[in-house]
Amino acid sequence: MSERIAQHHHCRKCGKAFVGDGPFCSQECKAYHDANLKRKKKQLTLLYVITFVILILALVFVSL
Ligand SMILES: [Zn+2]
């Protein structure tokens with residue numbers, strides 16, 4: 001009986017306990033997480049590019 005309850009896990013987005021496959025309780029939670037991840041990746045890429053540009057500008061400025 002209690003074995004069924006042990007099979008549940010918590011949604012990585014809303015924290016709700018649910019029974020099923022995957023880290024999310026619903027398609028909405030998965031979609032939300034995916035969109036969030038994509039946005040974060042984009043921000044990280046932008047940050048990387050900006051850092052690189054600043055580094056190049058600094059190098060050019062120093063060598064002048
Ligand atoms: Zn959820």
Side-chain angles (χ1 to χ4, degrees):
M1 274 261 198
S2 59
E3 269 174 47
R4 279 193 90 112
I5 299 161
Q7 285 296 315
H8 84 281
H9 32 224
H10 293 271
C11 175
R12 277 174 66 183
K13 196 253 154 183
C14 64
K16 211 165 77 182
F18 69 101
V19 177
D21 291 322
F24 302 103
C25 71
S26 65
Q27 277 297 313
E28 282 122 85
C29 281
K30 193 189 180 304
Y32 183 90
H33 180 82
D34 283 350
N36 223 19
L37 209 73
K38 248 184 210 170
R39 213 177 57 208
K40 268 190 185 159
K41 255 187 185 171
K42 234 180 178 176
Q43 281 176 345
L44 210 71
T45 305
L46 196 73
L47 201 76
Y48 185 76
V49 169
I50 288 169
T51 306
F52 188 73
V53 168
I54 288 171
L55 199 77
I56 294 294
L57 282 175
L59 278 172
V60 168
F61 194 73
V62 163
S63 63
L64 280 174

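The basis for the numbers below is simple: all heavy atoms, side chains too, and nothing from hydrogens, waters or symmetry mates.
- Rounded to the nearest 0.5 Å, atoms CG (Leu55) and OG1 (Thr51) are 8.5 Å apart.
- Across every non-hydrogen atom of His9 and Gly20, the tightest pair is NE2-O, 2.7 Å.
- Heavy atoms only, all atoms of each residue included: Arg39 and Asn36 are closest at NH2-OD1, 3.1 Å.
- Glu28 CD to Ser26 OG: the interatomic distance, rounded to the nearest 0.5 Å, is 4.5 Å.
- For the residue pair Cys11 and Cys25, the shortest heavy atom distance occurs at SG-N, 3.5 Å.
- Here the CD1-CG distance, from Ile54 to Leu59, works out to 12.0 Å after rounding to the nearest 0.5 Å.
- Tyr48 and Phe52 have parallel rings, their planes meeting at less than 30° on a 0 to 90° scale where 60° marks the start of perpendicular.
- A salt bridge links Lys30 to Asp34: one of the charged nitrogens lies within less than 4.0 Å of a carboxylate oxygen.
- Taking the six-membered ring where the residue is Trp, the centroids of His33 and Phe24 are separated by under 6.0 Å.
- Within a 6.0 Å sphere centred on CZ of Phe18, heavy atoms belonging to other residues, nucleotides or ligands number more than 12.
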